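Working notes for the structure below.
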Amino acid sequence: SPKHKYYKEINEVIAEHIKYAAKLDIDNTWELIHDEGEMKVFKREMEEDGMVVDPLKAVHTVKGITGHEVCHYFWNPDVRMEWEGTLESAQVLDWFSEDTCVCYQIHKKVWPTTQREALFWTQIRHVPNEDEDEDGPDYWIVCNYSIPDHDKCPASKNVRINMNVAMVCETSMEPPSSHDGEITRDHITCRITYAANVNPGGWAPASVLRAVYKREYPKFLKRFTQYVMDQTKDKPIMF
Ligand SMILES: Cc1cccc(-c2n[nH]cc2-c2ccc(F)c(-c3ccc(S(=O)(=O)CCO)cc3)c2)n1
């Protein structure tokens, strides 16, 4: 398809997320805010013009699903209302290509802040390992990245957030020696890295925002990954 307005930006933003996911540099500048089983959620405390813009990073390991499946359900706008608990509405405004569209979504109000909405492009991409040797990294990635406006975006009084979110997944399979060739869900594990850089826009008390993030991100990751397990358990594996 002819290169659309966001073609260059999308490639740059995705490349950046892949570079960071590959490094996975959880050093001591990240503060652990939630540690439950395989799920660890970290934040950095950062403010821009008095606004809390804490980068958030979560790592989670889930057995029985693949990175392709996690990214498919995270990306697919048709099912977002089924797993995203804080959504009031979600719609697709535009398709740039079969793996890239523009979404507009309104989230439930979080007392005492004003209602928030998001307008963003979302792309799903498979990044196979480029070098010949077998064990290079193979990623599936979804990136949700805010855009300033869109001619089909409804007017609203909600505060618009600015976000750069990525879900990067790597799937590992037990060696063939452990099963007679046929791979089942018992032999697969997905390692998820979720990175969210969100400027919530409008004013909100730092303490309230940090409490919301601390509560909502782990809840969202648990609910979403459980949703993927439920949706895929009786279906053929999407490698
Ligand atoms: C998971 C989470 C963290 C922090 C706050 C909340 C929350 N609680 N009540 C309202 C919201 C809310 C307000 C505005 C938003 F844009 C998003 C928002 C959250 C996640 C994503 S996403 O890109 O990770 C998944 C697509 O919805 C996008 C927007 C969430 N939910």
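Quick caveat: nothing in here was measured; it's all calculated off a predicted structure. Counting convention: from 1, in listed order, for ligands and their atoms alike.
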Charged N to carboxylate O under 4.0 angstrom, Lys63 versus Glu38?
no
For ligand 1, which atoms sit closer than 4.0 Å to a heavy atom of Lys108?
9 (N), 10 (C)
Could you tell me the residue and atom name of the protein heavy atom closest to atom 2 (C) of ligand 1, and the distance to it rounded to 0.1 Å?
Glu216 CB, 3.5 Å
Got the closest protein heavy atom to atom 7 (C) of ligand 1, with its distance?
Thr86 CG2, 3.9 Å
Taking non-hydrogen atoms only, is Phe74 closer than 4.0 angstrom to ligand 1 via side chain, backbone, both or neither?
side chain
Among all protein heavy atoms, pick the one closest to atom 4 (C) of ligand 1 and tell me residue, atom and distance.
Tyr213 CD2, 3.5 Å
The single option from Gln115, Lys108, His107 that satisfies side-chain hydrogen bond (donor to acceptor under 3.5 Å, both in side chains) with Glu88 is Gln115
Under 30°, 30 to 60°, or over 60°: which ring-plane class applies to Phe220 and Phe224, parallel, tilted or perpendicular?
parallel
Sequence-distant partners of His126, ring pair (Phe, Tyr, Trp, His ring centres under 6.0 Å), two or more places apart
Trp140
Could you tell me whether the side chain of Trp75 reaches within less than 4.5 Å of the side chain of Asn144, counting heavy atoms only?
no
Shortest protein heavy-atom distance from atom 25 (C) of ligand 1, along with the residue and atom involved:
Glu84 OE2, 3.3 Å
For Ile161, counting its heavy atoms only, list the atoms of ligand 1 lying under 4.0 Å from any of them.
15 (C), 16 (F)
Parallel, tilted or perpendicular: which fits the ring planes of Tyr6 and Phe96, with parallel below 30° and perpendicular above 60°?
parallel
Would you mind reporting whether Ile33 and Leu56 have side-chain heavy atoms less than 4.5 Å apart?
yes
Is the CG atom of Asp49 crowded by more than 12 outside heavy atoms at less than 6.0 Å?
no
Among all protein heavy atoms, pick the one closest to atom 30 (C) of ligand 1 and tell me residue, atom and distance.
His107 ND1, 3.3 Å
Any heavy atom of Met163 under 4.0 Å from ligand 1? The part involved is side chain
Kindly indicate whether the side chain of Val70, heavy atoms from C-beta on, has any atom under 4.5 Å from the side chain of Val62.
no
Quick one: does Asn144 get an N or O within less than 3.5 Å of an N or O on ligand 1?
yes
For ligand 1, note which part of Val212 has a heavy atom under 4.0 Å away: side chain, backbone, both or neither.
side chain
Which protein non-hydrogen atom lies closest to atom 24 (O) of ligand 1, naming both residue and atom, and how far is it?
Tyr194 OH, 2.7 Å
Which one of Glu117, Arg80, Glu84, Arg116 satisfies the side-chain hydrogen bond (donor to acceptor under 3.5 Å, both in side chains) criterion with Gln105?
Arg80
Does an N or O from Gln105, backbone or side chain, lie closer than 3.5 Å to an N or O of ligand 1?
yes
Looking only at protein heavy atoms, which one is nearest to atom 9 (N) of ligand 1, and what is the separation?
Val110 CG2, 3.0 Å
In the protein, which heavy atom is nearest to atom 1 (C) of ligand 1, and how far is it?
Phe220 CB, 3.6 Å
